[in-house]
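These values consider heavy atoms only, across backbone and side chains, with no hydrogens, waters or symmetry-generated copies. Residues take their numbers from the sequence shown, with the count starting at 1. Keep in mind that what you see is a predicted model, and the values were worked out from it rather than measured.
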Amino acid sequence: MSGNNHIMMVTRGVVCGKCRHRLSIPTTNSTEVKCPTCNKMNPIPTYEQFGNKDRSIEKLIVKAKEKISGNDLISSKKPDSLNKKPCPLNIPGSSSSETRPAGKRALLIGVTYKRKHKLKGTINDVKSMRELLILNFGFKEENILVLTEQEIEPELIPTKKNILKSLEWLVKGCQAGDSLVFYFSGHGLSQPDFEGDERDGFAENICPVDFMTEGMIVDNDINSTIVWPLKKGVTLHAIVDACHSGTVLDLEHVYNRQENKWEDNSPLSGNARKHPDGGLAISLSACLDNQVAADTTAFTGKTMNGAMTFLLIKILKKYHGATYGDLLDMMHEELEKVNESRCFAEKILKKITKNMLLQKPQISASKPFDVYKEHFVL
C-alpha cells in the first residue's frame with residue numbers, strides 16, 4: 001500500500017472539458033481537479049448531480065424499452081374488458097342445452113399473436129364490429145362474447161381450447177328466430193386436405209393464439225361445431241377476416257360474383273356432412289381460398305384494420321338495407337380503387353402470383369339465395 005495522503009477514484013462520464021481525457025477524482029472535498037494531459041482545471045460534479053444524471057439515464061432507458069415493446073407508461077394499464085359482466089359464458093343456461101329466449105348472440109374473436117406473426121389491427125376490428133352489432137343491429141352487450149389477448153380472464157384468451165368452447169356456446173340451445181354471428185380477425189392458413197372432401201384439395205383453417213403448439217382449427221371442425229346444430233329458423237352469419245378464408249366454413253354453395261351464380265362446393269366424399277339441421281348459414285370471407293387478406297392503414301392513414309372488416313362496417317353504416325350483392329360489389333370496388341392508387345404502403349396486396357393482385361371478398365352459404373334481393377341483416 002502506498003503512502004499517498006488521499007485516494008483517487010475514476011467515475012463514469014467525468015472527462016476534461018478541453019481534451020476529453022477521463023479524469024481521476026480525489027475522494028477529498030476538492031471542488032476542482034487538474035487534467036494531467038492539458039493542465040486544465042475542471043469542476044468536480046457533486047454526488048447529487050451524479051444521481052440526477054443517473055436517474056435521467058434510467059428514465060431514457062425505460063422509455064426506449066417501452067417504445068421498442070410498443071407500450072408506454074400511459075398504456076401499460078390493462079385495457080377495459082370488452083365483455084359485459086357477468087361473462088356471457090358464465091350466464092346460467094349459456095353453456096348447456098337449456099332453453100333460452102330467442103334473440104341475437106355473437107362471438108367476436110381478434111388474435112394479435114406475437115413476434116413475426118403479430119397483427120396490429122385485429123383488436124380494432126373486434127371493437128368496431130362489436131359497436132356495429134350494438135348500435136346498428138340491436139345486439140345486447142350481455143349477448144356478445146369477445147375473445148382477445150387483452151382480456152384478463154384466462155377463459156377469454158383466444159386459445160384453441162377457448163375458441164372451440166366459445167363456438168359451442170354460440171350455438172347451444174339455438175332455436176327458431178335466433179340470429180347468430182361468428183366473427184374472426186386473425187391469421188388463416190390452408191393445408192393439404194387429408195379427409196378427401198375438398199374440391200381444391202386444400203383445407204382452410206383459422207389460427208388461435210397458440211396455433212404453433214396446439215395446432216390450427218380446421219374448416220371441418222368449424223362446420224361440425226357451428227353449422228350442424230342450426231335448427232330451422234336459425235340464421236348464422238360468419239364473418240372471417242383472414243387469409244385463405246374463402247370456404248373456411250365448408251358451406252356447400254359458393255357465390256361466383258363474375259358470373260352471378262352459385263357454384264357447387266359440396267364435399268367429394270358422399271359420406272361427409274356439411275349442411276345444417278334445417279337452419280341457414282352464410283359466410284362472408286375476406287378473400288378467396290388461394291389469396292391473402294390485408295391488415296392495413298390504407299383507409300384511415302393511421303389506424304390499422306383488416307381491409308374487409310373496415311369496408312364492411314363502412315358500407316353497412318352508410319347504406320342501410322344493402323343487399324348481399326350490393327355489399328359484395330361495393331367492397332370489391334373499394335379494394336380495386338385502393339389497389340389502383342397503390343395506397344397499400346405495406347404492399348401486402350402486391351402481385352404474389354400471376355393471377356393474384358388483390359383480395360376478393362367472397363360469399364358462401366348452406367343454400368343458394370338471390371343475393372340482389374335478400375338484404376344483409378344480422
Side-chain angles (χ1 to χ4, degrees), residues 107-119 121-122 125-126 147-149 157-171 181-228 236-252 254 265-269 272-274 281-295 306-309 348 352-353 356 359-366:
L107 169 61
L108 313 180
I109 302 173
V111 195
T112 57
Y113 311 95
K114 295 179 180 178
R115 301 187 180 92
K116 64 180 181 180
H117 302 297
K118 187 172 184 178
L119 293 174
T122 54
D125 289 342
V126 165
L147 270 57
T148 74
E149 288 118 303
I157 304 300
T159 62
K160 182 176 182 179
K161 177 182 178 181
N162 288 344
I163 290 177
L164 290 173
K165 179 181 178 182
S166 299
L167 288 171
E168 292 175 356
W169 166 88
L170 180 64
V171 297
V181 173
F182 166 54
Y183 174 80
F184 179 84
S185 178
H187 283 305
L189 292 172
S190 62
Q191 65 181 20
D193 169 35
F194 300 107
E195 303 294 329
D197 59 359
E198 298 283 351
R199 289 180 173 268
D200 62 356
F202 289 90
E204 285 65 51
N205 317 285
I206 58 174
C207 299
V209 67
D210 56 352
F211 77 98
M212 292 293 288
T213 56
E214 300 301 316
M216 299 176 286
I217 300 176
V218 300
D219 50 10
N220 285 352
D221 291 340
I222 298 173
N223 181 279
S224 61
T225 304
I226 62 174
V227 175
W228 287 15
L236 167 73
H237 283 88
I239 302 169
V240 184
D241 200 339
C243 298
H244 311 290
S245 56
T247 59
V248 73
L249 253 67
D250 260 0
L251 300 178
E252 294 182 296
V254 175
N265 188 50
S266 58
L268 296 175
S269 172
R273 175 186 171 181
K274 299 296 180 181
I282 300 173
S283 177
L284 180 58
S285 305
C287 59
L288 307 184
D289 285 340
N290 63 345
Q291 292 181 324
V292 295
D295 192 36
M308 191 267 283
T309 299
I348 295 178
I352 298 175
T353 66
M356 297 197 314
Q359 68 189 84
K360 298 177 180 179
Q362 178 171 282
I363 291 176
S364 58
S366 57

Looking at every heavy atom in both [X] and [Y], which two are closest together, and how far apart are they?
X: Glu252; Y: Pro267; result: OE2-CD, 4.1 Å
X: Met216; Y: Lys160; result: O-NZ, 3.3 Å
X: Ile157; Y: Asn162; result: O-ND2, 2.8 Å
X: Asn205; Y: Asp219; result: OD1-N, 4.0 Å

Just verifying a value: how many Å separate [X] [atom1] and [Y] [atom2], rounded to the nearest 0.5 Å?
X: Ser190; Y: His244; atom1: OG; atom2: NE2; answer: 5.0 Å
X: Ile222; Y: Ser283; atom1: CD1; atom2: OG; answer: 9.0 Å
X: Asn290; Y: Asp200; atom1: CG; atom2: CG; answer: 8.5 Å
X: Ile239; Y: Phe182; atom1: CD1; atom2: CZ; answer: 10.5 Å
X: Asn220; Y: Leu249; atom1: CG; atom2: CG; answer: 11.0 Å
X: Thr309; Y: Asp295; atom1: OG1; atom2: CG; answer: 9.0 Å

If you measure only the distance, is there a donor-acceptor pair under 3.5 Å linking the side chains of Asp289 and Thr247? yes
Do the charged groups of Asp250 and Lys274 touch, with an N to O distance under 4.0 Å? yes
Does the side-chain hydrogen bond (donor to acceptor under 3.5 Å, both in side chains) test come out yes or no for Asp241 and Ser185, once each step is laid out? CA-CA 5 Å; Asp241 200 339; Ser185 178; 5.1 Å; no
Between Ser285 and Gln362, does a side-chain hydrogen bond (donor to acceptor under 3.5 Å, both in side chains) hold up when you go through it step by step? CA-CA 5 Å; Ser285 305; Gln362 178 171 282; 5.7 Å; no
Please state whether the rings of Tyr113 and His187 are parallel, tilted or perpendicular, taking 30° and 60° as the class boundaries. tilted
Can you check whether His237 and Tyr183 have ring centres sitting under 6.0 Å from each other? no
Show your reasoning for whether side-chain contact (heavy atoms from CB on, under 4.5 Å) applies to Thr122 and Val126. CA-CA 6 Å; Thr122 54; Val126 165; 5.8 Å; no
Determine, stepwise, if the pair Asp210 / Thr159 fulfils side-chain hydrogen bond (donor to acceptor under 3.5 Å, both in side chains). CA-CA 6 Å; Asp210 56 352; Thr159 62; 4.6 Å; no
